[in-house]
Number of protein chains: 2
Amino acid sequence: MKFLSEKNPDIHRTYEIINEGISKRAFVVLMACCKVLYQGRAKSRLGSGDRFIIIKPDGSFMVHQDRNLEPVNWQPPKSNCKASLENGILQITGSRRNPPESLEVEIHCTYMASYFIGEDSKELEIAGYEENMREMVFESPELIEEGFRPTSREYQTENGFIDILGKDKNGALMVLELKSRRAGVNAVKQLKKYLDCFTDHKEFVRGVLVAPSVTDDAMELLKEYQLEFKELHPPMELGGGKNLTLDFFSSS
Amino acid sequence: MKFLSEKNPDIHRTYEIINEGISKRAFVVLMACCKVLYQGRAKSRLGSGDRFIIIKPDGSFMVHQDRNLEPVNWQPPKSNCKASLENGILQITGSRRNPPESLEVEIHCTYMASYFIGEDSKELEIAGYEENMREMVFESPELIEEGFRPTSREYQTENGFIDILGKDKNGALMVLELKSRRAGVNAVKQLKKYLDCFTDHKEFVRGVLVAPSVTDDAMELLKEYQLEFKELHPPMELGGGKNLTLDFFSSS
DNA sequence: CTTTCAATCTCGGGC
DNA sequence: GCCCGAGGTTGAAAG
């Protein structure tokens, strides 16, 4: 890991460090007093204050305040980040063509300027998504109910894609809408829309909302529409089959 | 701005810096080789690599890789962040009760450890759909009231930018605050702040909140401050992003 | 390239 | 506190 970090660099030195970091495709990090202007999909302005600025090697560009998880302003990966120093004014500009937009950060004073060239080849392994739930239901249909047989996933209707289509033990058609987290009224409305595609169907079609839980409003709406709810939690198992919790911190 | 930054601190020193930073409610920043485990709404694992770690005073906790805008793992504001050093293993844990979840970062080696205590009182001012409303009012001032003449938009005061400044048919100054959605008490307070910039003005200054509707609380506050409300709906959106793109090209 | 949709979405506002 | 809707959503996958 190569890196450089300086405290209280002046404007010119800050300019040098930023350029060096960007040209070396490093992780550039500043703590500085700045003001920010964004123009593009919308338009925003942020007055002067102390903030944290990050430029990643992939072109991601962020300005973080001391609050909130999200950056107050940003540019996505692949944006073109450049520093400029004109008439004694230091500015970092991140821009892109499609959509046309730019983020301008004017730096008044730098407390710390750094860049890092690190190594990180690991990718995140994650579980607990709706897709994991879909797989689980296909592999173990009895989790929905005894005798359930899924026939197709992502079944296309004129009102969108049905998560899972199947039949119950009596041969009645079942439409499943899956949610990986607590489901609200929107999920019920979505399910209802799918069922509306089967109004000309001869027999009764069952609609089932499958989620770890539902809001009270959603449960009421389910009853009103004569739909069902099946409690099911998304699987939380990571690949490899190892016992993650026990092995994780003792394995290195 | 107070801050501290050290290069290549050992595990014990890193532990001290993190604790000091958190206890002082500072912006804590690390560049370190680490591995990460998350368990809660979902579950994830990230093997060892060089990453950037941020703990904000509000409890926001992030782990950034050298790619992507979003952190690879995180905990939202108000999470409880603590460092622990046991059996020579340094770990930062961010957790919360509702929903129950935790993020554990095990640090193997630190390249840089810092904390910053900055000042930043400014809030982001953003103009999206409000922008269209402003244009509409400028083109058809009679929508506000008969005889209204807008004089300037984005008028700068020490308390921020006034959406529209103008005069009524009697020549009295009018400060307009636009909201594209139902306005709450915050909008009223904002308007009041702008009016406070005119306390030394000889004549009475009218403050008008322009929005499709207001909450009851906001309406009460308006009366208390002797401010006015004008119902106005934002222009029908014809695919906001595309409009913006077209404007961008035709104006340059 | 565009379109679509889930997300540990986040964030703010109302209730 | 829960719930709902918006977002410069982001990001990934599929067409």
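By convention in this document, chain letters (A, B, ...) are assigned in the order of the sequence lines, proteins followed by strands, and residues within each chain are numbered from 1.
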> Which sits closer to the 5' end of DNA chain C, B/E101 or A/F161, going by the nucleotide each is nearest to?
Replying inline: A/F161

>> Of all nucleotides in DNA chain D that come within under 4.0 Å of a heavy atom of chain A, which is furthest toward the 5' end and which toward the 3' end?
In response: D/dC3 to D/dG11

>> With a 6.0 Å cut-off on the ring centroids, do A/F52 and B/F27 count as close?
In response: yes

> Base, sugar-phosphate alone, or nothing: which one does A/E130 contact when heavy atoms must sit under 4.0 Å apart?
Replying inline: sugar-phosphate

>> Classify A/N73 by what it touches in the nucleic acid, base, sugar-phosphate, or nothing, heavy-atom distance under 4.0 Å.
In response: base

> Donor-acceptor pair, A/N159 side chain versus A/K193 backbone, under 3.5 Å?
Replying inline: yes

Ignoring hydrogens and angles, write down the donor-acceptor pairs under 3.5 Å from the side chains of residues 76-84 of chain A, residues two or more places apart or on other chains.
unit_1, atom_1, unit_2, atom_2, d
A/S79, OG, A/G59, O, 2.7
A/S79, OG, A/P76, O, 3.3

>> If we check side-chain contact (heavy atoms from CB on, under 4.5 Å) with A/K122, which of these qualifies: B/V36, B/V72, B/L46?
In response: B/L46

> CE of A/M133 versus C1' of C/dA6: gap in Å, rounded?
Replying inline: 13 Å

>> Could you tell me how far apart A/I162 (CD1) and C/dA6 (C1') are, to the nearest whole angstrom?
In response: 18 Å

>> For a quick check, with a 4.0 angstrom heavy-atom cut-off, what is the B/S/- contact string for nucleotides 9-15 of chain C, read 5' to 3'?
In response: BSSSSS-

>> Can you confirm whether the side chains of A/K35 and A/H108 place a donor and an acceptor under 3.5 Å from each other?
In response: no

>> Do A/R45 and A/Y38 form a cation-pi contact, if we require the NZ or CZ to be under 6.0 Å from the six-membered ring centre and within 45 degrees of the ring's axis?
In response: no

> Is it the case that B/S60 and A/N68 place a side-chain donor and acceptor less than 3.5 Å from each other?
Replying inline: no

>> Could you tell me how far C/dC11 sits from D/dG11 if I compare only their P atoms? Round to whole Å.
In response: 15 Å

> Does B/P57 offer a backbone N or O that forms a donor-acceptor pair with the side chain of B/R25 under 3.5 Å?
Replying inline: yes

> Pick the nucleotide of DNA chain D nearest each of A/A218 and B/I126; which residue has the one closer to the 5' end?
Replying inline: A/A218

